[in-house]
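In what follows, a structure is listed as structure tokens, so that the remarks can point back to it.
Owing to the predicted nature of the structure, the values given are computational and were not obtained by experimental measurement. Residue numbering restarts at 1 for every chain, and letters A, B, ... go by the order of the sequence lines.
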Amino acid sequence: MQELATVISVAHIAAAIALLNGIFTTFGQSRIAVQAIESIARQPEASDDIRNAMFVGLAMAETSGIYGLLIAIIMLFANPLVDAMINLLS
Amino acid sequence: MLNVKNYGVLDIAGQEVWITETVVNTWIIMAILIIVAIVVRIGMKRWKTIPTGAQNSVESIIEIFDDFATGMMGKKLGYTGGWFFAAFMLILSSALFSVFGMRAPTADWSTTFGLALISFLMMFILGIKHRGTTYLKSFIEPNIVFFPLNLIGELAKPVSLSFRLFGNMLSGTIILTLYYGLMPLYSQFGIPVLLHTFFDVIFGALQTYIFVVISMMYVQGSAA
């Protein structure tokens, strides 16, 4: 029982650390948006093309942030070690 | 609602098939889309050459999407726009489905991986069909030692497509489940409208657009 509590608490700390890559995601996405806004200010006729390219770039940069969220969700809700230990204990 | 409920286990030819909540919700979405398609098709018998009313809106939707597909992929590959429209409708309906309190089928990695796998197979088969051995030789460019890198780059495409859609839909589902689980009853009317609009409608529509645009870019990159 003691080991199960230790494993679950370490899994929660790991989930919190896994979300630290959101810092870099924020900076990357803000750079894309800044460049898009400056380009629209320079040439307002191409704003449709710039907006499409900006959305695609934002989604690409967001993908690695979502990988971190995925690891955190697996740690919290579908942790294989916790499941194995619960099977052992019961 | 964070776990997918299991409604029953069938036994088909020795394999056990699980009928889960995702499967049943996909059937409901399929039924809605098929009924809408049949209604439009039956109404097509009375269409005139100069469109008015409902015929106008249906024709304009199809024309907007067809122009978008041929604009992104070129006239030669424009015939694949049909599948992209179907995928667009499926993912958009699934995103709007979770506004009604039921779990969206794309919040399950199986559904999104299936859709991404179809995109990957389309990219591969259309590449072989339209470019033949040039496409297969592009894996060995510029040198034979680059083959593992190119292969992993190609295999990473459906994985990242599926995880992008799955992660966005699942995070919306989790946030709303937590909100409904923690708030008392009198604040479950009204305020969740903002959360639903932001996380389900806006992010769902954006992710369907991103899925379709990136799939079109992959197909155009490998077959044109």
Side-chain angles (χ1 to χ4, degrees), chain A residues 8 11-12 14-26 28-33 35-37 39-40 45-84 86-87 90, chain B residues 1-4 64-65 67-69 71-73 91 95 103 106-110 112-113 116 119 153 156-178 181 199 202-221:
Chain A
I8 292 181
H12 281 253
I17 293 177
L19 284 170
L20 279 179
N21 72 345
I23 300 176
F24 305 110
T25 309
T26 312
Q29 289 197 320
S30 70
R31 283 215 51 171
I32 293 178
Q35 287 289 89
I37 293 175
S39 303
I40 293 181
E45 301 93 30
S47 80
D48 260 350
D49 289 333
I50 295 175
R51 197 179 306 133
N52 284 344
M54 179 186 85
F55 276 132
V56 172
L58 280 177
M60 283 297 180
E62 183 142 9
T63 306
S64 74
I66 290 182
Y67 286 163
L69 176 70
L70 191 74
I71 296 295
I73 288 177
I74 290 181
M75 279 288 139
L76 290 179
F77 293 117
N79 205 342
L81 184 58
V82 168
D83 292 341
I86 289 181
N87 279 342
S90 69
Chain B
M1 210 171 78
L2 290 172
N3 290 326
V4 181
I64 287 174
F65 203 84
D67 285 344
F68 174 61
M72 284 226 53
M73 291 193 290
I91 304 175
R103 192 187 161 99
T106 45
D108 192 353
W109 189 55
S110 322
T112 57
F113 191 55
S119 285
K157 286 177 183 174
V159 170
S160 84
L161 261 184
S162 66
F163 274 133
R164 192 180 295 126
L165 185 59
F166 166 62
N168 274 291
M169 289 292 125
L170 186 68
S171 54
T173 305
I174 285 180
I175 286 179
L176 281 161
T177 307
L178 285 176
F199 284 106
I202 292 184
F203 273 168
L206 182 67
Q207 286 305 313
T208 70
Y209 176 71
I210 292 293
F211 185 93
V212 167
V213 160
I214 291 183
S215 294
M216 283 185 185
M217 269 168 36
Y218 287 161
V219 166
Q220 195 239 356

Proximity of residues 70-83 of chain A to chain B, residues having a non-hydrogen atom under 4.5 angstrom = A:Leu70, A:Ile73, A:Phe77

With side chains defined as the heavy atoms from C-beta onward, is the minimum distance between A:Phe55 and B:Val213 less than 4.5 Å?
-> no

For the side-chain contact (heavy atoms from CB on, under 4.5 Å) test, which of B:Asn168, B:Thr208, B:Leu165, B:Leu170 pairs with B:Thr106?
-> B:Leu165

Which residues share a side chain to side chain donor-acceptor pair (under 3.5 Å) with B:Ser119, sequence neighbours left out = B:Ser215

Hey, what's the ring geometry for B:Phe163 with B:Phe166, parallel, tilted or perpendicular (30° and 60° as the breaks)?
-> tilted

Write down the atom of B:Met73, the atom of B:Met216, and the distance for their closest heavy-atom approach.
-> CG-O, 3.9 Å

CD-OG1 distance between A:Glu62 and A:Thr26, expressed to the nearest 0.5 angstrom | 9.5 Å

